[in-house]
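Structure, as structure tokens:
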Protein chains: 2
Amino acid sequence: MLASFLAERKLKKSKRRDAILSAFLAMETHVTAEELHRVLSAEHPGIGLATVYRNLKLLASCGLAKQVSLGGKAARFEHAFRHRHHDHLVCSRCGKVVEFLDSEIERRQESIASRHDFTLESHTLEIHGLCGSCRPPR
Amino acid sequence: MLASFLAERKLKKSKRRDAILSAFLAMETHVTAEELHRVLSAEHPGIGLATVYRNLKLLASCGLAKQVSLGGKAARFEHAFRHRHHDHLVCSRCGKVVEFLDSEIERRQESIASRHDFTLESHTLEIHGLCGSCRPPR
DNA sequence: TCTTGTCATGATAACGATTCTCAATTCCAG
DNA sequence: CTGGAATTGAGAATCGTTATCATGACAAGA
């Protein structure tokens, strides 16, 4: 999958590239380039932050990673490999993230796009609110 | 509306503040801080960019402005005053923006939030795709 | 296995959007 | 009018991200 993508574009494999890919796939959270870099540095010291950025972008463009924002300023990445499409519910206080999927919403987006003569490429839906533990007890 | 917000927080009025507010409300597009600053400079030369940022943030926090992203790197602002809530359909090539509202989607978001015990505060939904004029004729 | 052209990398500079700092100005309640 | 507080402009500082560039790693052919 990554291999064929690389081959098609005359891109090469490399130890670091592999290390970054597998570290990323091992992650279970929506990760920042810096966070991934920090984790990576334990096993593979010497990998530069720029390289992490470069490879995350690459993973994103071959469909293995997806960039989301989740409200912070730094971009976050999640894996799109064996991970169905979904949207996010984010706690605006503690940052907790819940993934959800609503097929009716998906369907309606399709229909909105075509109603306005757009060819749908992607969408981002983030719901922000307070989770149960952060809500003031009142 | 702005006045009462200012009063509550011991904030003051000022000529520049008013100028920024009215210039912003006169805008019909989703505007960037820099763009607003440029427009503003024609009538009120000498207003600093930082001041535009400060006041846009203020307008946002009192509910007169809403920050959206629309895919670019710079934050964009639209007015939320006499402007019903809506979401955006953005052409990923020419940047054209269509506003839409789907009450069923809105309703479902509510229900998703409460199903996960979240108190809904806001949401962002952006659909990206190619508009009719940008779609290659095939 | 060497060779060579290409791609990947690390370090760091550059960048762009936004925020901060701080001295000077403006506001407004008394 | 005045004093204390909020606002402002200019530019420095910040932060995430990307570009630059010299160097190292890779893949494929001789």
Side-chain angles (χ1 to χ4, degrees), chain A residues 2-24 30-62 65-77 95, chain B residues 2-24 30-62 65-77 95:
Chain A
L2 173 62
S4 61
F5 182 86
L6 293 180
E8 276 173 28
R9 322 205 168 195
K10 299 184 199 147
L11 300 178
K12 300 176 179 173
K13 279 183 244 177
S14 83
K15 292 190 172 182
R16 279 125 190 179
R17 192 162 281 182
D18 289 347
I20 291 171
L21 172 60
S22 60
F24 174 65
H30 306 83
V31 106
T32 253
E34 287 226 13
E35 291 168 359
L36 184 57
H37 178 248
R38 192 160 37 240
V39 170
L40 225 14
S41 296
E43 279 297 307
H44 302 264
I47 292 193
L49 178 56
T51 300
V52 175
Y53 272 103
R54 281 188 283 243
N55 283 284
L56 277 175
K57 194 198 269 187
L58 200 141
L59 292 177
S61 62
C62 75
K66 183 159 186 256
Q67 185 175 339
V68 295
S69 88
L70 304 188
K73 57 189 335 183
R76 295 190 166 272
F77 294 82
Chain B
L2 173 63
S4 61
F5 182 87
L6 293 179
E8 274 173 29
R9 323 206 166 192
K10 299 184 198 145
L11 300 179
K12 299 175 179 174
K13 279 183 243 178
S14 82
K15 291 190 172 181
R16 279 124 190 178
R17 190 106 88 194
D18 288 347
I20 292 172
L21 172 61
S22 59
F24 174 66
H30 306 84
V31 107
T32 253
E34 287 225 14
E35 292 169 357
L36 183 57
H37 177 247
R38 194 162 34 242
V39 170
L40 224 16
S41 296
E43 279 296 307
H44 302 264
I47 291 192
L49 177 56
T51 299
V52 175
Y53 272 103
R54 282 188 282 242
N55 283 285
L56 276 175
K57 193 198 270 187
L58 199 140
L59 292 177
S61 62
C62 74
K66 184 158 184 258
Q67 186 174 338
V68 294
S69 87
L70 304 189
K73 56 191 336 186
R76 295 191 166 271
F77 294 82

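Chain naming here is simple, since letters A, B, ... match the order of the sequence lines and numbering starts at 1 in each.
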#### Entry: Spacing of B:I20 atom CD1 and B:I47 atom CD1 [to the nearest 0.5 Å]
5.0 Å
### Task
Take nucleotides 19-30 of chain C nucleotide by nucleotide from the 5' end and write B, S or -, depending on whether a protein heavy atom sits under 4.0 Å from the base, only from the sugar-phosphate, or from neither.
BBB-----BS--
#### Entry: d(CD, A:E34; C1', D:dT18) in whole Å
14 Å
### Query
Nearest heavy-atom pair of B:A65 and B:F77: which atoms, and what distance?
CB-CD2, 4.5 Å
### Query
Could you give the CZ-to-P distance, from A:R17 to C:dA8, as a whole number of Å?
4 Å
### Task
Calculate the interatomic distance between A:F77 atom CZ and D:dG16 atom C1'; express it in whole Å.
11 Å
### Summary
Of the candidates D:dT7, D:dG9, C:dA8, the side chain of B:L11 sits closest to D:dT7
#### Entry: Those residues that, when tested against A:Y53, pass ring-ring contact (aromatic ring centres under 6.0 Å, His included) (two or more places apart)
none
### Message
For a quick test of reading the model, state the closest non-hydrogen atom pair linking A:H30 to A:E35 and the distance between them.
### Response
O-OE1, 4.1 Å
### Query
Between A:L58 (CG) and C:dC7 (C1'), how many Å, whole number?
12 Å
### Message
Just to be sure I understand the rule, does A:A75 reach a base, reach only the sugar-phosphate, or reach nothing, if contact means heavy atoms closer than 4.0 Å?
### Response
sugar-phosphate
### Task
Starting from P on D:dG24, measure out to CD1 on A:I47 and report it in whole angstrom.
17 Å
### Query
Roughly how far apart are B:R9 CZ and B:C62 SG, rounded to 0.5 Å?
8.5 Å
### Task
Return the value, rounded to whole Å, for the distance between atom NE2 of B:H37 and atom P of D:dT8.
12 Å
#### Entry: Between P of D:dT18 and CG of A:N55, the distance in whole Å
13 Å
### Task
Consider only side-chain N and O atoms of A:T51 and A:R54, and report whether a donor and an acceptor are under 3.5 Å apart.
yes
